[in-house]
Amino acid sequence: MNAKKKKNVCSFRKMKENGEKIVAVTAYDAPSARFADEAGVDFLLIGDSMANTILGYENTLPLTIEESLFHCRAARRGAPDAFIVGDMPFMSYQISCSEALRNAGRYIKEAGCDAVKLEGGSYAVAVIERLVTAGIPVIGHIGLLPQQVLAAGGYKIAGKTPEGVKILLEDAKAVEEAGAFCVVLEGIPAEVSKQITESIKIPTIGIGAGIHCDGQVQVLGDLLGLGDFLPRHAKRYTDISQVIGNAIKQYCLETRNGEFPGKENSF
Ligand code: KIV
């Protein structure tokens, strides 16, 4: 019998204290959530990256809260015992703390999430505090913020200047003090992530932030080879698009030459 114990917010802090790496991956549907959970990841992120990786949007900005919740519910059905984090879409938490609280509550009550993630350092403090006070666990997200792509004029690595490093250190501290139980570090030089990781007690989960983070999160499609483009921070562990393409080609061939359906597929 699988005696895997369900994680909770305290599990991640303990893992940091024990020097155990935390492994997270995105999942957007029931089968991928089940595969990732059974493979032993520590938490599933139902990332807003679903917008550009599986829903065909150009970036994460158009994703609606309804779309995000729909995929969170699917992931929860696929992995009933996983620690699941819902990623709050652009404009679902920026307008006011009350609106952020109402929306974050939907991830817990309607989608069965264990926590939410939202982007932003010092400027997200009030929202994080409001959610945490209400009993909603929050993962912060600092560094390269995909929801800021228009304002930043692109996806830019953060912390490349002494001033940038100072801002990141302040952001990490602010997010920790606001009550977040983990913080994602995205697109940050490895040595800067090291400084951040050593300066706070909550775990840092890196994506494009080097080896020194307390854990890593990756976009599942990048690991599997689903997209045409592989970001530098990602590693392709298999080429699933080729597997899928070949299987469909074979099905076309066998249907056209009369091999499929065979006797064993018929009644
Ligand atoms: O949506 C996502 O996949 C994310 C990761 C980049 C951390 O937020």
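Every number for a ligand or one of its atoms is a count from 1 in the order of the listing. Everything numeric in this text was worked out from a predicted model, so none of it was measured.
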I need the nearest protein heavy-atom contact for [atom]: residue, atom name and distance, please.
| atom | value |
| --- | --- |
| atom 8 (O) of ligand 1 | K117 NZ, 3.0 Å |
| atom 4 (C) of ligand 1 | L45 CD2, 3.6 Å |
| atom 6 (C) of ligand 1 | E186 OE1, 3.5 Å |

| Pairs involving residues 174-183, ordered by first then second residue, that meet side chain to side chain donor-acceptor pair (under 3.5 Å) (sequence neighbours left out) |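 Qualifying pairs: K173-E176.
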
| Of all the atoms in ligand 1, which lie at a distance below 4.0 Å from a heavy atom belonging to T26? |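 So the atoms of ligand 1 that pass are 3 (O).
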
| field | Under 4.0 Å to a heavy atom of I207 - the qualifying atoms of ligand 1, by number | value |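 That gives atoms 6 (C) of ligand 1.
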
| field | Under 3.5 Å donor-acceptor, D114 side chain and I84 backbone | value |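 Yes; judged by distance alone, with no hydrogens or angles, the pair exists.
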
| request: Examine distances only and state if a side-chain atom of K16 and a backbone atom of I202 form a donor-acceptor pair shorter than 3.5 Å. | output: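 Confirmed, K16 side chain pairs with I202 backbone.
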
| Would you say D48 and ligand 1 have an N/O pair spaced under 3.5 Å apart? |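 It does: an N or O of D48 is found under 3.5 Å from an N or O of ligand 1.
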
| task | Going by heavy-atom distance to atom 3 (O) of ligand 1, choose the closest among P146, G143, S49, G47. | result |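 It is S49 whose heavy atom sits nearest to atom 3 (O) of ligand 1.
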
| request: Test Y237 against Q218 for side-chain hydrogen bond (donor to acceptor under 3.5 Å, both in side chains), laying out the working first. | output: CA-CA 12 Å; Y237 286 86; Q218 283 285 299; over 6 Å; no

| message | Ring-plane angle category for F12 and F181, please: parallel below 30°, perpendicular beyond 60°, tilted otherwise. | response |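 Rings of F12 and F181: tilted, 30 to 60°.
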
| field | D81 with K6: basic N within carboxylate O range, under 4.0 Å | value |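 Result for this pair is no, no salt bridge flagged.
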
| message | Would M50 count as a contact residue for ligand 1, given that I'm defining contact as a non-hydrogen atom of the residue lying under 4.0 Å from a ligand atom? | response |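 No; M50 lies far enough from ligand 1 that no heavy-atom distance drops under 4.0 Å.
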
